[in-house]
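The block underneath contains the structure these notes are about, expressed in structure tokens.
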Amino acid sequence: MTVPGWFSEAKFGVFIHWGPYSVPAWAEPTGELGAVDPEMWFAHNPYAEWYWNTSQIEGSPAYEHHRTVHGGRPYDDFLDAWQAESFDPADWIELFARAGARYVVATTKHHDGVALWDAPGTGTRNTVHRGPHRDLIADLATAVRARGLRFGAYYSGGLDWYAGRRAVIRHEDLIDDYGRPHEAAYAAYALRQVRDLIDRYRPDVLWNDIGWPDAGMADLPDLFAHYYATVPEGVVNDRWDGAHADYLTSEYQANRQNEAAAHWENCRGIGLSFGFNRNEGPEHLLDPAAAVRLLVDVVSRGGNLLLNVGPKADGTLPGEQRAVLEGIASWTAAHAGAVYATRPLDPGAAMSHDGTPWIRWTRDDDHAYAFLADVPDSARGQVLLKTGPGMLDPATAVRLDGRPVRADAVPDGIVVTSAELGAPLPTVVRFALTTSRSVD
Ligand SMILES: C[C@@H]1N[C@H](CN)[C@@H](O)[C@H](O)[C@@H]1O
């Protein structure tokens, strides 16, 4: 597995899930994927973008909600109800860039089969001819690239409840392979759409989801060859049923084993859903400190974080999600150098720590960066950093936020002394890597 330098140095991307499901914007905030009982998952799905499926499971709260609030109307109605009247892509991308995102991945077609561009085979069932009446992918790709970021395309190859099978997925009668369409006609349909995405938008990331139809697996080598010929610095994720992967992905708590790979990316929502869920409150969302610490933890282990925003149907970003990105932006302004174009510090050079204090490390060619948070009051502003002998030079300690810091060598490491180390947002102390020992 290899990736272009831009991807491994990017560290942070923003995911966008936006579709007709953003109109009802309704799910139960059950919990994180990988931490919810699978028997509960489908009938109480926290993913609001699964509304079509969840709202058809009789007896589920979503089924009752759809019946009582939306009169059981056809899901297709939500495409026309989706107006995106306040959509300002430049505003979104400016916020993402300030938060430090280096790439943006947008849903081009999610499981409901609705295309956010004039996709071949969809007739008028796309956002160009109905609902927003806009090529939302072109709008987003243009705004992303105008701001100097990379643009990626999410495509649901494995599930399509419009062009593929419309089987409602319930846990108790989990039909073969989650009702995924595998027939040749759907494989040709999906192939044509992904090739169209490549040719029209040249996505820097090809982010497929839920695998690829069996009848289309033989098409993939040529598809990837075409992709790399069209986008030489393009990167392909790992959700193609094993056909190919430039990097591996995990999602919330699921597939965390993939985070041992040379190149990997963890994706999750700011809350428990990818699509906007009106039922999520502050208790369901990451706060800025938790989001920053998630980013730092992922980067310290050599991964990228793809953090999702779920826009409202009108095209505005939910205020509480904006606030999290603003919080990340204000921290990143002083600490970007410790995150981007860094790599994990050899565990032998310094130890991370969970709990109080919370400690993580990154490094670049010349420096090591210690991220400190949740230093208890009892520590009186002192933290012991367990480091290998002679690897970091305490005399070179600098706090990236400019506040004073003192560092002293002790037998099993370095003691850092500084005021206000206990913030939930990490404090970063930079040390010069001594040349006495290689730490790689
Ligand atoms: C990024 C997420 N991937 C899952 C499949 N694991 C989707 O089911 C979900 O709706 C979202 O797109």
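Along the sequence shown, residues are numbered consecutively beginning with 1. Ligands are counted one by one from 1 in listed order, and the atoms in each one are counted from 1 as well. What you are looking at is a predicted structure, and each value in this text was computed from that prediction instead of being measured.
- Contacts with ligand 1 closer than 4.0 Å are made by no heavy atom of R268, backbone or side chain.
- The protein atom (non-hydrogen) at minimum distance from atom 9 (C) of ligand 1 is E49 OE2, 3.3 Å.
- The ring of W50 has its center closer than 6.0 angstrom to the ring center of F42.
- The protein atom (non-hydrogen) at minimum distance from atom 6 (N) of ligand 1 is E251 OE1, 2.9 Å.
- Under the 3.5 Å distance criterion, the side-chain polar atoms of E259 are left unmatched by any main-chain donor or acceptor of R301.
- For Y252 and F274, the gap between ring centers is short of 6.0 Å.
- For atom 11 (C) of ligand 1, the closest non-hydrogen atom of the protein is H17 NE2, 3.4 Å.
- In this structure, the protein non-hydrogen atom closest to atom 3 (N) of ligand 1 is D209 OD2, 2.7 Å.
- No part of N308 comes within 4.0 Å of ligand 1, judged by heavy-atom distances.
- Below 4.0 Å from some heavy atom of H111 lie the following atoms of ligand 1, by number and element: 7 (C), 8 (O), 10 (O).
- In summary, the atoms of ligand 1 found under 4.0 Å from a heavy atom of F15, numbered by their order in the structure, are 1 (C).
- For ligand 1 and Y47, the ligand atoms under 4.0 Å from any heavy atom of the residue are 9 (C), 10 (O).
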